[in-house]
Every structure is written in C-alpha cells, then in structure tokens.
Protein chains: 4
Amino acid sequence: MENERKAGRPRSEEAHQAILSATNRLMEATAVRNVTIEGIAKEAGVGRPTIYRWWDSKCSLVMDAFLDSAAPKIPFPKKKSPVEAIKEQVKRVVKLLLGPSGRIVAEIIGEGQSDAHVLEEFRERFFSKLFAPARAVIEWGKETGELDENLDTDLAMDLIYGPIYYRLLIGHQPLSKDFATVLTERVIMALKPISSKAL
Amino acid sequence: MENERKAGRPRSEEAHQAILSATNRLMEATAVRNVTIEGIAKEAGVGRPTIYRWWDSKCSLVMDAFLDSAAPKIPFPKKKSPVEAIKEQVKRVVKLLLGPSGRIVAEIIGEGQSDAHVLEEFRERFFSKLFAPARAVIEWGKETGELDENLDTDLAMDLIYGPIYYRLLIGHQPLSKDFATVLTERVIMALKPISSKAL
Amino acid sequence: MENERKAGRPRSEEAHQAILSATNRLMEATAVRNVTIEGIAKEAGVGRPTIYRWWDSKCSLVMDAFLDSAAPKIPFPKKKSPVEAIKEQVKRVVKLLLGPSGRIVAEIIGEGQSDAHVLEEFRERFFSKLFAPARAVIEWGKETGELDENLDTDLAMDLIYGPIYYRLLIGHQPLSKDFATVLTERVIMALKPISSKAL
Amino acid sequence: MENERKAGRPRSEEAHQAILSATNRLMEATAVRNVTIEGIAKEAGVGRPTIYRWWDSKCSLVMDAFLDSAAPKIPFPKKKSPVEAIKEQVKRVVKLLLGPSGRIVAEIIGEGQSDAHVLEEFRERFFSKLFAPARAVIEWGKETGELDENLDTDLAMDLIYGPIYYRLLIGHQPLSKDFATVLTERVIMALKPISSKAL
DNA sequence: CACTAAACGAGACGGTACGTCGAGTCTTGGA
DNA sequence: TCCAAGACTCGACGTACCGTCTCGTTTAGTG
C-alpha cells in the first residue's frame with residue numbers, strides 16, 4: 001500500500017555500499033577536491049551512470065559517504081554539571097577533528113565555500129546532529145544558573161566552537177588537547193552570569 | 001649588481017595589471033572555484049603562457065589579485081582603551097566581511113582546504129598583516145591590566161575572531177553588526193583578569 | 001503433442017505486434033540508424049528484455065518490421081511478352097523505391113555494409129522474394145528467343161536492377177519514372193540475342 | 001600575403017598524419033562502423049580534442065583518411081578505341097573494389113545511407129574524381145560513332161558501373177574479373193548506335 | 001642603429017574528467 | 001513461464017580546461 005515501487009529491478013545495495021566505501025577510501029587517500037566521480041566508479045567497480053543515477057553531484061556523494069562511515073558519534077555523557085559536560089564535549093570534538101575526519105570535514109567545508117548545496121547539506125546532516133546535544137547542555141546550564149540565563153545559545157555555541165573550527169580551517173595554530181583545555185577555561189568565563197562581575 | 005637580466009624586452013606592466021584586474025573582475029562575478037586561467041587570459045586579452053610565466057598556480061594569482069585590489073586596509077585607530085579598540089576593530093572586520101570581500105575571503109580559505117600553498121599564502125600575506133594590529137592591542141591591554149596579563153595572545157585572537165570566521169565559513173548564522181556587538185561584549189569577559197574570580 | 005510449452009504465461013502476441021509496429025513507426029520517422037532498441041521499447045510500451053528475447057539484434061527486428069508492414073508485394077502481371085513484362089516490372093520497382101520504402105531499403109542495405117547478418121537476411125527475405133518473378137520472366141524471354149538464350153540470368157538481373165540501386169544508394173542522380181523508361185530501353189538491347197548483330 | 005594565420009602554434013603535421021594513418025589502420029582492421037574517435041586517438045597517440053579540432057565528425061575524418069591513403073589512382077590509359085578503354089577501366093575498377101578498399105568503399109556508402117553529409121562528400125571527393133575520365137571516354141566514343149551519339153552519358157555510366165556497385169553492396173553475387181568481362185561485353189551492346197537494330 | 005634576447009598574443013598539443021546516451025544483461029514482482 | 005519495469009556494467013560520446021609547447025611579433029637595451 002505504501003509500497004510505491006511497483007516493478008523493476010531493485011536497487012543494488014551491494015553497488016550502493018561499494019560506492020560509499022570506495023568514496024571513503026579515496027577521501028582518506030587524497031584531497032576531497034581530487035576525488036573524481038570517475039575514480040570512485042573505477043574503485044567501486046561500478047559504472048559511472050550508476051553513480052549519477054543516485055547522486056546528483058560529487059558533493060552529495062561525499063557527504064553521504066562521510067556520514068556513512070566517519071560520521072562521528074560523539075556520545076554525550078551525562079556529567080554532574082553543565083560546565084563539566086561542556087569541557088568534556090569540547091575535548092571530544094577536538095579529538096575527533098585531530099583524527100582523519102578533521103581533514104575531511106575541513107575539505108568539505110572548503111568545497112562548500114563555492115557550492116551552497118554542500119554547505120547546506122553539511123550543516124543539516126552533520127552539524128546540527130553533532131551539536132544538538134551541545135546546545136542542550138548550554139540550555140541546561142542556563143537553567144541551573146551556572147551559565148548566564150540571558151545568554152544567547154547560538155552565540156554561546158559560536159564562542160565555544162568558533163575558535164576550534166577557526167584553527168582547523170585557517171591552520172595558523174595547531175589544534176591540540178591543550179588548546180581544548182585552555183579554550184574552555186577561558187570561554188566558560190564568558191558564559192557565566194554577569195552578576196558575578198558585580199561582586 | 002643583483003640585476004641579472006641584461007637585455008630583452010622587459011616585463012609588460014600593462015599585461016600584469018590587466019591580468020590582476022581581470023582576475024578581480026571574474027572573482028567578483030563568479031565563484032573563485034569557477035574562475036579559470038583560460039577565462040582570465042581571455043578577459044585580460046592575454047596569452048595563457050603569460051600568466052603561467054608569472055604565477056605558478058591559479059591560487060597565487062588569485063591571492064595577488066585579491067591583495068592588489070580588495071586587500072582591505074583596516075586602519076587601526078588609536079582608542080582611549082584597549083577594550084574600546086577591540087570593539088572598534090571587530091566592528092570593522094565584520095563590516096569588511098559583510099561586503100563582497102567576505103565571499104572571496106571565504107572562497108580562498110575554501111580553496112585552501114585542498115591546497116596548502118593557498119592557505120599558507122593567505123595566512124602570510126593577508127591574515128598576519130590584517131591581524132598584526134589586533135595582536136598589538138591585546139598586548140597593550142595586557143600591559144594596562146585591562147586584560148589578563150597571563151592571557152595567551154594567540155588564544156585571545158582565536159576567541160575574538162574564531163566565532164566571526166566560523167559564521168562566515170559555516171553560514172549557520174548570519175554575520176551582522178549586532179553579532180559583532182554582542183560577540184565582543186561576551187568575549188571581553190573571557191579576556192579580563194581572572195582575579196575577579198578570586199573574590 | 002508438438003506443443004512443448006507445458007505451462008507458464010504464453011507469449012504475448014500483443015507485445016509482439018506492438019514491437020513491430022513501433023519499429024515501423026520509428027523507421028518512418030527517423031533514420032534506421034537512429035532507431036534504438038531503447039526507443040522501440042518505450043514506443044511499444046514494452047520492456048527492453050522482451051525485445052531481446054525474440055530478436056537477437058536490432059537488425060533482424062528492423063527486417064521483420066519492414067517485411068511485416070512495408071514489405072512490398074509487387075504482383076507480377078502476366079504480359080504478352082517478356083520484354084513488356086520487364087518494362088512493367090522495372091517501372092513498379094522504381095515506383096516502390098521512390099516511396100518511403102526506398103529510404104528504408106537503402107538504410108537497411110547501409111546497415112548491412114557493416115553487419116553481414118543484415119545483408120544476408122535482406123537478400124534472403126526481401127530480395128529473393130521480390131526478384132524471383134523477375135528471374136522467371138528473363139528465363140521466359142530466353143525460351144521464347146526474345147532474349148539471348150546464352151544470357152546469364154544473374155548477369156541480366158544485375159544489368160537491369162544494378163543501375164536502379166546504384167542511383168538509390170549513391171544518389172548522384174535521382175531515381176525517376178523517366179529513368180526507368182530509358183534504362184529499360186537501353187538495357188533490353190544488351191539482353192537480345194547477339195546474332196542480330198551479325199546481320 | 002595570402003597567409004591568413006598571423007600567430008599561434010602551427011598545426012602539427014605530425015599529429016595530422018598520425019590521425020589519418022591511425023584511422024586507415026583501424027578501418028582496415030575493423031568495420032568503419034566500429035571505428036571510434038576514441039580508438040583513433042589512442043591508436044594515433046593523440047588527444048581526443050585534437051581530432052575534434054580538425055574534423056567535425058567521424059565521417060569527414062574517415063573520408064579524409066580514405067582519400068589520403070587508399071584513394072585510388074586509376075590511371076586511365078589511352079587506348080586505341082573507346083570500347084577498349086571502357087573494358088580496361090571496368091577491369092581496373094573491379095580490381096580495386098576486390099581489394100581492401102572495396103569493403104571500405106562499401107562501408108562508407110553504407111554510413112552514407114543515414115548521413116547525407118557522408119554521401120555527399122563521398123560523391124564529391126571520391127566518386128566524381130574517379131569517374132571523370134570514364135565520362136570522358138564515353139563522350140569520346142559518342143564522337144567517334146562507336147557509341148550511340150544520342151546516348152545520355154549519365155545513363156551510360158549507370159549502365160556500366162551500376163551492376164558493379166550493386167554486387168559490391170548487395171553481395172548476392174561475388175565481384176570477380178570474369179564478371180567484369182562479361183558485364184562489359186553485354187553492356188557495350190546497349191551503348192552502341194541503335195541504327196544497327198534498323199538492319 | 002642594428003642586433004639581440006626576452007616577453008608578448010595566439011593557439012595547437014597530449015591529457016583528464018566531465019555528464020550523457022545507448023547497448024545488452026540481470027533481477028525483481030505481478031499476471 | 002513470460003511480462004513490465006528498471007537497475008546494472010560497459011564504453012563511446014563531445015566538451016571544458018589543464019599546463020606545456022611552438023610560433024611570429026614587438027620592444028627595450030647593448031654593442
């Protein structure tokens with residue numbers, strides 16, 4: 001009833017996966033920029049039209065492939081306090097970006113600068129998923145009073161993660177665990193209730 | 001003495017400028033990604049080899065062209081206090097990035113994600129120049145005591161400008177004058193002496 | 001007893017005819033060369049494999065379709081004399097080739113140049129059928145003495161029909177009724193008993 | 001003065017010849033139909049665009065290649081009489097078509113059935129050149145009175161060469177030297193003055 | 001003042017990858 | 001068992017740029 005496909009050979013899940021994993025292999029081996037549809041087809045042992053049948057651009061394929069494999073699960077551990085939770089999460093994000101995913105994330109964002117679709121997909125499918133828990137923690141902090149209740153959550157997110165992506169993308173200074181530590185220490189100061197200053 | 005070229009037709013400054021301005025015109029018209037050497041040559045009325053003679057890649061040409069024209073001079077006005085100076089400068093940077101240069105900067109950074117040269121040139125020729133005064137202001141603030149004297153200047157830079165570039169590059173939230181205002185208000189809190197905490 | 005098919009869905013005569021007539025429609029609309037199996041399947045509302053099940057190549061399908069519809073019946077009228085009969089028949093062949101079938105015949109022969117099967121099928125199924133009566137007339141003429149009794153029938157056929165197909169295929173001069181007339185007048189001269197020359 | 005090309009790298013005669021001879025090699029090895037631009041490029045060690053720069057279709061390339069190499073010089077020997085000359089020339093044409101050129105000629109004509117350009121080029125560049133002398137001989141025969149002075153030269157050409165190409169293209173009977181002989185013997189009868197009949 | 005040598009425009013070169021089309025095969029579910 | 005639908009691999013298509021390579025033509029400065 002809800003089955004819309006009436007007839008026809010069903011999509012080959014085998015080919016589908018072969019394409020995704022070939023894409024991932026190539027993304028790890030070379031710059032995303034230099035990954036070509038042709039190369040993916042060859043690596044996957046698949047006809048090029050098969051790729052074009054299911055993805056309308058290299059970008060959506062790259063996104064799919066990235067999310068399919070590297071798509072990082074950053075489990076958000078319940079911590080005793082919001083501040084502790086933030087510290088912990090920043091550590092994990094930095095750790096993730098220090099790994100091979102970091103370069104790929106950066107390159108995808110890079111591609112996105114000249115292709116709005118990529119950026120949009122990236123935000124919707126990777127970003128918002130990854131950061132939803134972080135937003136929740138900030139809200140939690142605002143409720144408990146540990147963070148300024150007037151704090152704009154979007155701004156808070158940018159204060160925390162902006163510097164991280166900044167370093168990732170500009171590369172003027174390396175990302176590192178230590179950076180994560182000192183960053184959070186400082187940034188937390190900006191998130192606390194202003195009243196404390198009044199003391 | 002160091003002049004090695006003895007004879008021969010000297011480099012045509014005319015062609016040089018034609019190439020740079022053609023590049024700028026094209027960068028404004030389309031994505032940097034889609035600017036081609038071929039297109040530049042045609043637009044400039046110049047042979048392709050002439051471009052390759054003087055630039056070894058599209059990227060360095062793009063950088064040169066960008067710096068040649070759009071290269072923003074952000075004059076750093078002396079202000080009564082470091083904090084005021086920071087606020088003022090952030091406002092100007094955001095204003096700059098809101099203009100047409102913003103997209104180009106973003107695209108260059110984007111290209112840089114798959115080409116280390118671009119990123120390096122970008123940092124050396126645009127970035128460090130643009131932000132040298134900002135660093136100076138932070139140092140000044142540390143001296144006057146308005147900012148924490150133990151503050152790492154690099155970290156401070158990232159705290160201030162990270163969120164801006166983050167928004168520029170990810171596009172999850174728009175850059176705006178208001179953002180500049182609230183951003184600095186918050187971020188300044190993170191830069192102040194921790195002594196207040198000692199209370 | 002001779003029915004070997006025990007069970008299963010019987011062959012759809014409907015589909016069979018749909019394919020043939022779709023092919024004819026397309027052959028009339030475009031060059032045989034540009035008729036594709038894909039196009040036929042779509043036009044006939046039929047799956048591509050169904051076509052491959054019954055015809056092993058586009059060529060045999062095209063032949064079948066051509067014979068199925070356009071396959072010209074050139075009824076051979078009994079005439080008082082062999083020479084009259086030849087004249088009459090040439091007229092009819094030319095008339096046929098001047099019509100839409102002419103182009104299709106030419107195109108099939110054209111395809112045949114790079115595919116021996118086509119040519120063979122064409123000869124066996126179209127050609128020999130069409131020209132069997134003509135051969136009979138020539139034999140008749142040889143018997144009555146109107147034509148040279150030593151005349152090789154194959155040669156005679158080529159003398160008569162060669163020039164017609166020559167014009168059809170090369171196109172250096174147009175086929176026409178007049179051509180048919182003058183052609184036969186001349187060619188008959190070559191078929192008569194040589195003895196007449198001895199006079 | 002008549003030099004129109006002002007600047008730019010001149011066309012590589014090397015590449016030009018490599019393409020032509022590669023095409024010829026492939027045409028001899030496989031059906032013209034199955035010769036691909038890609039294959040030619042590879043065989044010639046040449047980039048595909050180089051071919052497209054100079055030929056707008058496979059057909060014109062094939063024609064050029066054919067004329068470049070196989071382009072048969074059928075020297076027309078002066079004979080004592082027109083009839084002898086015709087016999088001699090028919091022999092040579094048949095001999096030519098019996099060789100490897102025959103198949104290629106047939107295939108080109110075949111391609112021409114679905115592409116008017118090919119046929120036109122074929123007629124203009126191969127056909128008319130090849131047959132100009134034959135026409136001259138017929139005219140000569142008409143002048144000397146050996147051939148019917150009222151004979152239409154076009155028709156005469158078709159009577160002579162029609163049967164040959166007919167066999168070449170239909171393949172119902174083989175071309176052969178003997179065929180050439182008996183053909184001319186008969187066909188000459190049709191070309192002689194009709195007056196003989198009056199006797 | 002002629003000569004020389006570098007830089008110029010033009011554009012052809014061998015390539016790579018693009019996105020599309022059609023061929024012929026294979027695999028479903030339904031009739 | 002046959003059908004429609006349609007996904008599959010394969011390979012050629014014609015195009016856009018790439019970066020390199022001649023060409024013949026300026027155009028300074030040197031000898």
Side-chain angles (χ1 to χ4, degrees), chain A residues 3 5-16 34-42 44-54 56-58, chain B residues 5-16 34-39 41-42 44-54 56-58, chain C residues 5-12 14-16 34-39 41-42 44-54 56-58, chain D residues 3 5-16 18 34-42 44-54 56-58:
Chain A
N3 184 4
R5 281 179 43 262
K6 312 279 179 55
R9 178 174 176 177
R11 177 174 186 177
S12 156
E13 200 49 45
E14 207 173 328
H16 185 74
N34 298 329
V35 172
T36 67
I37 298 273
E38 190 148 22
I40 294 170
K42 188 167 290 177
V46 142
R48 229 177 327 156
T50 301
I51 296 178
Y52 286 109
R53 217 191 316 278
W54 301 110
D56 53 349
S57 69
K58 193 183 79 175
Chain B
R5 281 178 42 261
K6 313 270 180 59
R9 178 176 177 175
R11 175 174 185 178
S12 153
E13 199 51 43
E14 208 174 327
H16 186 75
N34 298 329
V35 172
T36 66
I37 297 275
E38 189 148 21
K42 187 167 290 176
V46 141
R48 233 176 325 153
T50 301
I51 296 178
Y52 285 109
R53 220 188 313 276
W54 301 110
D56 54 348
S57 70
K58 191 182 82 175
Chain C
R5 284 172 41 256
K6 314 273 180 59
R9 180 174 177 177
R11 175 174 180 179
S12 155
E14 210 173 324
H16 187 74
N34 298 329
V35 173
T36 66
I37 297 275
E38 190 151 20
K42 187 167 291 177
V46 141
R48 233 175 327 155
T50 302
I51 296 178
Y52 286 108
R53 220 189 314 276
W54 302 109
D56 54 347
S57 70
K58 191 182 82 174
Chain D
N3 185 4
R5 280 179 43 263
K6 313 277 178 55
R9 180 175 175 175
R11 178 174 184 176
S12 155
E13 200 50 43
E14 207 173 329
H16 186 74
N34 298 329
V35 172
T36 66
I37 298 273
E38 189 148 22
I40 294 170
K42 189 167 291 177
V46 142
R48 224 172 339 147
T50 299
I51 296 178
Y52 286 109
R53 219 189 313 276
W54 300 110
D56 53 349
S57 70
K58 193 183 78 176

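A note on names: the letters A, B, ... follow the listed sequences, proteins ahead of strands, and every chain is numbered from 1. The basis for the numbers below is simple: all heavy atoms, side chains too, and nothing from hydrogens, waters or symmetry mates. As the structure is a computational prediction, the values presented were derived from the model and not from experiment.
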Next item on the list: Between protein and nucleotides 14-19 of chain E, map the contacts as a letter string: B base, S sugar-phosphate only, - none, heavy atoms under 4.0 Å, written 5' to 3'.
Entry: BBBBBB
Checklist line | Partner residues of B:N34 under the side-chain hydrogen bond (donor to acceptor under 3.5 Å, both in side chains) criterion, sequence neighbours left out | finding: none
Item checked: C:H16 NE2 - F:dA4 C1' separation (whole Å) -> 18 Å
Note to self: Distance criterion of 3.5 Å, no angle test: do you see the side chain of D:R9 paired donor-to-acceptor with the base of F:dC21?
What the structure shows: yes
Margin query: Between P on F:dA28 and CD on B:E13, what's the gap in Å once rounded to a whole number?
Written below: 13 Å
Note to self: If I take atom CD1 in residue B:I51 and atom C1' in nucleotide E:dC8, what distance separates them, rounded to the nearest angstrom?
What the structure shows: 13 Å
Item checked: Sequence-distant partners of A:T36, side-chain hydrogen bond (donor to acceptor under 3.5 Å, both in side chains), two or more places apart -> none
Check: What pairs with D:A18 under side chain to side chain contact (heavy atoms under 4.5 Å, CB included), at least two apart in sequence or on another chain?
Finding: D:A44
Note to self: Below the 4.0 Å mark, does F:dG6 have OP1 or OP2 next to a side-chain nitrogen or oxygen of A:W54?
What the structure shows: no
Next item on the list: Rounded off to whole Å, could you give me the CZ-to-P distance for the D:R11 and F:dG24 pair?
Entry: 17 Å
Item checked: Under the side chain to side chain contact (heavy atoms under 4.5 Å, CB included) test, residues paired with D:E13 that sit two or more places apart -> D:H16, D:Q17
Check: With sequence neighbours excluded, what pairs up with D:S12 under the side-chain hydrogen bond (donor to acceptor under 3.5 Å, both in side chains) test?
Finding: none
Next item on the list: Can you see which heavy atom on D:I37 is nearest to which on D:R48, and at what distance?
Entry: CG2-CG, 3.7 Å
Margin query: Rounded to whole Å, please give me the gap between CD1 in D:I40 and P in F:dG14.
Written below: 11 Å
